[in-house]
Amino acid sequence: MISLAWTACSPAPTPPSILLVTLDTLRRDHVGAYGSPLGLTPHLDALAAEGLLHAAAYTTMPTTGPAHLSLFTGLQPHQHGGRRNGEPLLPEFAAREAAALLREHGYTTAAFVSSTLISPSATGLRGFEIYDAPHEPLRASDAVVSQALAWLNVEPRRPVFLWVHLYDAHAPYGSADEKRRTLPVDVSSYGWVDPDRYPGPADRVEMEARYARGVASADAALGRLVAGVRARLEQPPLVIAVADHGESLSEHLGERGYAYDHGKYLDEEGVAIPLLLAGPGVTPGRSTGTASIRDLYTTILEAAGVGDGLARQEQRRDLRRPAEQRRIARIERRRFRSDVPDSVRRHAAAAADGDELVIVAEDGSSPAASDARLAELLRAARELLDARRDHASAERVDPDTREALRALGYVD
């Protein structure tokens, strides 16, 4: 009886601190744990070896702002309202934001980001007590990591929810010094480019080597951050490392005149993302079941003990545990201005199940429409396209954010 009484009165266990690292524009096929032979990501590979790797994970949109808002709300872009970079979260979803919910339940929350692309005014995220963003378009990841660790040195409250955003792989490609020297971005080098700008294989090899240097830089920053956070916390944190989207390199340069960019199309290299977890509650191994970046919202809340069965309610997955089930992950292309040519509008919405990716155009057509095996994926993609049309919204990008976007190469 005494033992039972003591058990009943004992305090609930403290939930783990959570470190979320988003690696902007990181292609899955450049990560060693996903089979890359390039040797660029030893720290990501180490996380995969100790934790859980999701082999079939997808973003909701291959655009930075909308994808991050999906992560923090669990919603599709047409639902949360951020359908282009700089369009903030709709105010009616503020109470749903993951950082706000964790803060209500005793977490200390802080964000350290490397670009004005996801500053507070650009995202509309208000749940973080500390939201440290640069005033200039971009800052080096080393500085971001140093700021985050300096904050953790003086912040006594636990547990913490710490988000760090690393921009190294994003254009302009290259090291921190190369990025500094090539801002603002030369838009003739990225996105819709004249193939004659890269006349031979050597020119493309050099661009892709610069991209690879950015990937390696992001991984080095991640390694320093994870080691620093673990050294400063008494208990091991839950570590989540994920890309917001991937990147087209030169795959479509000849056929489309499109290279070194993301967001315009929904090809596999742009929507498939690396997603890794390690730490408390994580079952190590490899998960082959389909995962969405939206599932991280559920995962974070469940890990913090505030999910209250959210995974079951919203039919999403707690990504701390592996699964084999192939589900449908729905993916949107961002909204373009009315003066963007029709040729850009080929890819409007997509659905993937981990084995197949089906893409539909603005008119609902798809080159895979005749394949009966893909009927369910086609139906899901067309439903998403219809829902997106039903949620048309006025542009909500503020002037300062617009200028920062232009400096970073976003011209639509």
Side-chain angles (χ1 to χ4, degrees), residues 27-28 56-67 70 75-85 87 191-193 195 244-273 290-294 315 326-395 410-412:
R27 285 174 62 117
R28 191 158 71 189
Y58 295 89
T59 188
T60 54
M61 181 179 284
T63 304
T64 297
S70 289
L75 301 173
Q76 289 284 150
H78 74 269
Q79 295 170 318
H80 60 57
R83 293 169 56 193
R84 290 178 63 200
N85 283 323
E87 290 184 341
W192 292 101
V193 299
D244 54 348
H245 54 74
E247 179 83 328
S248 289
L249 294 177
S250 59
E251 295 95 339
H252 308 292
L253 179 59
E255 63 176 297
R256 299 178 189 162
Y258 181 73
Y260 314 122
D261 196 17
H262 53 269
K264 305 292 195 304
Y265 292 103
L266 300 178
D267 300 293
E268 185 82 18
E269 68 273 3
V271 300
I273 55 174
T290 315
S292 170
I293 199 170
R294 295 196 308 142
Q315 297 183 325
R326 298 290 185 176
R327 301 179 304 163
I328 292 176
R330 287 147 58 104
I331 304 153
E332 301 180 35
R333 192 207 60 209
R334 73 171 180 258
R335 180 172 62 85
F336 294 114
R337 294 195 320 254
S338 59
D339 59 346
V340 172
D342 288 342
S343 61
V344 181
R345 302 174 182 275
R346 288 171 52 193
H347 289 190
D353 64 1
D355 289 321
E356 301 284 349
L357 174 69
V358 162
I359 302 166
V360 302
E362 289 282 359
D363 62 2
S365 64
S366 171
S370 60
D371 191 335
R373 295 174 304 165
L374 304 180
E376 188 177 2
L377 292 176
L378 282 163
R379 183 168 56 252
R382 287 169 178 152
E383 287 174 356
L384 181 57
L385 176 60
D386 289 341
R388 210 184 61 153
R389 288 170 175 153
D390 291 342
H391 288 76
S393 59
E395 188 168 312
Y410 291 91
V411 295
D412 54 88

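Residues Gly263 and Phe336 come closest through the heavy atom pair O-CZ, 3.9 Å. For the residue pair Ala348 and Leu385, the shortest heavy atom distance occurs at CB-CD1, 3.7 Å. For the residue pair Ile293 and Ser70, the shortest heavy atom distance occurs at CG2-CB, 4.4 Å. Scanning both residues, Ala380 and Ala351, for their nearest heavy atoms gives CB-CB, 4.0 Å. Residue Gly257 comes nearest to Pro195 through the heavy atom pair CA-CG, 4.2 Å, listed as atom of the first residue, atom of the second, then distance. For Leu357 against Leu266, the heavy-atom pair with the smallest separation is CD2-O, 3.4 Å.
In this structure, Tyr260 OH and Glu251 CD are separated by 9.0 Å, a value rounded to the nearest 0.5 Å. In this structure, NZ on Lys264 lies 13.5 Å from NE2 on His347, to the nearest 0.5 angstrom. Rounded to the nearest 0.5 Å, atoms CZ (Arg382) and CG (Asp363) are 9.5 Å apart. To the nearest 0.5 angstrom, Ser365 atom OG is 10.5 Å from Leu378 atom CG. Between atom OG1 of residue Thr59 and atom CG of residue Asp244 there is a gap of 6.5 Å, rounded to the nearest 0.5 Å. For the atom pair CD of Glu268 and CD1 of Ile359, the computed distance is 8.5 Å after rounding to the nearest 0.5 Å.
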Any chance you could lay out the side chain to side chain contact (heavy atoms under 4.5 Å, CB included) test for Arg330 and Glu383, step after step, and finish with the verdict? CA-CA 10 Å; Arg330 287 147 58 104; Glu383 287 174 356; 3.8 Å; yes
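Proximity of Leu249 to Arg27: side-chain heavy atoms (C-beta onward) are separated by under 4.5 Å at one or more points. Side-chain contact check for Thr290 versus Ile328: every heavy-atom pair is 4.5 Å or farther apart.
The closest donor-acceptor contact from the side chain of Thr60 to the backbone of Ile331 lies at 3.5 Å or more, if one exists at all.
Classified by interplanar angle (parallel below 30°, tilted 30° to 60°, perpendicular above 60°), the ring pair Tyr258/Trp192 is tilted.
Judged purely by distance below 3.5 Å, without hydrogens or angles, the side chains of Glu269 and Ser248 pair a donor atom with an acceptor atom.
Residues satisfying the ring-ring contact (aromatic ring centres under 6.0 Å, His included) criterion with His245, sequence neighbours excluded, are His262. Contacts of Ser366 classified as side-chain hydrogen bond (donor to acceptor under 3.5 Å, both in side chains), with partners at least two apart in sequence or in another chain: none.
Across Arg388, Glu332, Arg83, a single residue satisfies side-chain hydrogen bond (donor to acceptor under 3.5 Å, both in side chains) together with His78, and that is Glu332.
Arg256 has a carboxylate O that lies under 4.0 Å from a charged side-chain N of Asp267, or vice versa, which qualifies the two as a salt bridge.
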